[in-house]
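Okay, so here's the structure we're looking at.
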Amino acid sequence: YIKTFGKFEIVFEGQEPIRWRTEKIKELFAFLLHNANKELPKDVLLNVIFNRGSLRNSTHQLHNAIYYIKNALFNYGISKNMIDITGKYLLKVDKNLIDSFQFKQGVGKIKNREVGAEEIRRIENLYTGDYLEDIDMTWVSLEREYLRRRYMEVVNYLSGFYLQQERFSDAEEILIKAYNRDPYFEDITIKLLTVYIKSKRNDLAIKHYKDYERILIKELGISTEKEI
């Protein structure tokens, strides 16, 4: 199982997660995984991951890192039909092993109305943190933001279902979790206020509104929308 939400980890058959020898090796594998099943030119890897030092030294580091990754996967007991690095820097992987791939597939099913509430909750639970949150590289940012927005859409949709069913505690739970992850999504706050008002907990509605307003004013220098 490859965990890309939250801390980046590879876990196989109950073993401890793979420990990478260096951060650069972890970043390289994460980048290969980010571009899974795509052939990557050596120049791209050198520019993105090993972009300091001479060309000769960077190339040497790249070759050593690939060798280390292959050995680490082999020693961990992962077969080549699950994860393999072939010539020309192509990472072949069964994408069903990747939590973010499962999540994106799930989002597509939600949009097509192919799944019920319990399956949507399972999809929501896949998102255990931002995409590759422990890797501070520019190439991560776009996908991280894209997946965060998809997560907020899932929570918005599922909480709406819970509200219709008057399952206020379920709606509150996922909305608070989403709000704590990113308090700037207005739709989440509107839904949470709706939960508190419909469940006759106006004190919590006022408290949350003031908290939301404080964050916007303090950190962004803007006031809340009148419609809220």
Side-chain angles (χ1 to χ4, degrees), residues 1-9 11 17 96 98-136 140-228:
Y1 185 73
I2 303 174
K3 186 175 180 294
T4 61
F5 286 129
K7 184 180 179 181
F8 176 46
E9 292 181 335
V11 182
N96 291 310
I98 308 172
D99 57 357
S100 53
F101 178 76
Q102 293 179 29
F103 178 79
K104 285 191 276 190
Q105 277 197 321
V107 169
K109 290 178 180 179
I110 293 170
K111 289 183 176 180
N112 293 332
R113 301 184 182 276
E114 297 175 9
V115 291
E118 296 310 310
E119 176 63 11
I120 296 173
R121 186 61 188 266
R122 187 195 69 80
I123 294 165
E124 184 270 333
N125 281 327
L126 287 170
Y127 192 97
T128 55
D130 278 341
Y131 179 68
L132 300 175
E133 68 178 16
D134 57 338
I135 294 182
D136 185 21
V140 178
S141 302
L142 285 177
E143 184 74 357
R144 184 178 289 159
E145 180 62 21
Y146 170 81
L147 288 168
R148 184 189 298 152
R149 288 186 175 276
R150 300 295 79 75
Y151 170 72
M152 293 299 171
E153 290 174 2
V154 170
V155 170
N156 200 34
Y157 183 88
L158 183 57
S159 61
F161 172 81
Y162 286 152
L163 273 168
Q164 289 179 348
Q165 301 293 315
E166 297 188 347
R167 294 168 59 177
F168 299 127
S169 61
D170 288 332
E172 180 184 11
E173 179 187 347
I174 62 170
L175 287 165
I176 288 177
K177 185 164 63 171
Y179 179 77
N180 288 336
R181 289 204 168 112
D182 192 330
Y184 304 115
F185 280 85
E186 187 178 285
D187 289 347
I188 299 299
T189 277
I190 291 173
K191 278 278 174 55
L192 192 51
L193 292 176
T194 303
V195 167
Y196 289 143
I197 292 168
K198 286 196 171 185
S199 59
K200 304 187 187 311
R201 291 179 289 169
N202 290 350
D203 56 330
L204 291 178
I206 293 169
K207 181 178 180 296
H208 178 76
Y209 178 83
K210 288 182 177 179
D211 181 66
Y212 177 68
E213 186 176 48
R214 176 186 58 78
I215 288 173
L216 292 188
I217 293 173
K218 181 181 178 181
E219 298 191 21
L220 300 181
I222 60 176
S223 60
T224 51
E225 295 292 333
K226 292 181 180 178
E227 62 198 46
I228 294 182

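These numbers were taken from a predicted model, which means no experiment stands behind them.
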So, are Glu133 and Arg181 salt-bridged, with charged N and O less than 4.0 Å apart? no

For a quick check under 3.5 Å, do Tyr127 and Asp130 share a side-chain donor-acceptor pair by atom type? yes

With a 4.5 Å cut-off on side-chain heavy atoms, are His208 and Ile176 touching? no

So, applying side-chain contact (heavy atoms from CB on, under 4.5 Å) with Lys104, which one of Leu126, Asp99, Leu147, Ile123 is it? Leu147

Thinking salt bridges, do Arg121 and Glu118 make one under a 4.0 Å N-O criterion? no

Say you draw a straight line from CD1 of Ile174 to CG of Asn125; how long is it, rounded to the nearest 0.5 Å? 9.5 Å

Rounding to 0.5 Å, atoms CD1 (Ile188) and OH (Tyr179) come to a distance of 11.5 Å

In this structure, CD of Glu172 is separated from CG of Asp170 (nearest 0.5 Å) by 10.0 Å

Got a second to check how far Phe8's CZ is from Ile135's CD1, nearest 0.5 Å? 5.5 Å

Do Arg122 and Gln102 make a side-chain contact, defined as non-hydrogen atoms from C-beta onward lying under 4.5 Å apart? yes

Do Arg149 and Tyr146 meet the cation-pi criteria used here (NZ or CZ under 6.0 Å from the six-membered ring centre, within 45° of the axis)? no

Grab the two heavy atoms, one from Arg144 and one from Leu132, that are nearest each other, plus how far apart they are. NH2-O, 2.6 Å

Tell me, please, which residues at least two apart from Lys177 pass salt bridge (charged side-chain N to carboxylate O under 4.0 Å, His left out). Glu124

Between Ala205 and Leu193, which heavy-atom pair has the shortest distance, and what is it? O-CD2, 3.2 Å

Approximate separation, where rounding is to 0.5 Å, of Met152 CE and Asp187 CG: 10.5 Å

Quick test of your reading of the model: are Glu153 and Arg150 salt-bridged, counting only N-O distances below 4.0 Å? yes

Does Asn112, at its CG atom, have more than 12 non-hydrogen atoms belonging to other residues, nucleotides or ligands within less than 6.0 Å? yes

Is there a side-chain contact (heavy atoms from CB on, under 4.5 Å) between Val195 and Arg201? Walk through the geometry before answering. CA-CA 8 Å; Val195 167; Arg201 291 179 289 169; 3.9 Å; yes

Which donor-acceptor pairs under 3.5 Å do side chains of residues 158-166 form with protein atoms, sequence neighbours excluded?
residue : atom : partner : partner atom : Å
Ser159  : OG   : Val155  : O            : 2.8
Ser159  : OG   : Asn156  : O            : 3.1

Using every non-hydrogen atom in the two residues, find where Asp134 and Gly6 come nearest and quote the distance to one decimal. OD1-O, 3.9 Å

Which distance, rounded to the nearest 0.5 Å, do you find between the OH of Tyr184 and the OG1 of Thr189? 11.5 Å

Exercise: identify the closest heavy-atom pair between Pro183 and Tyr212: O-CE1, 3.2 Å

Please state whether the rings of Phe103 and Phe5 are parallel, tilted or perpendicular, taking 30° and 60° as the class boundaries. perpendicular

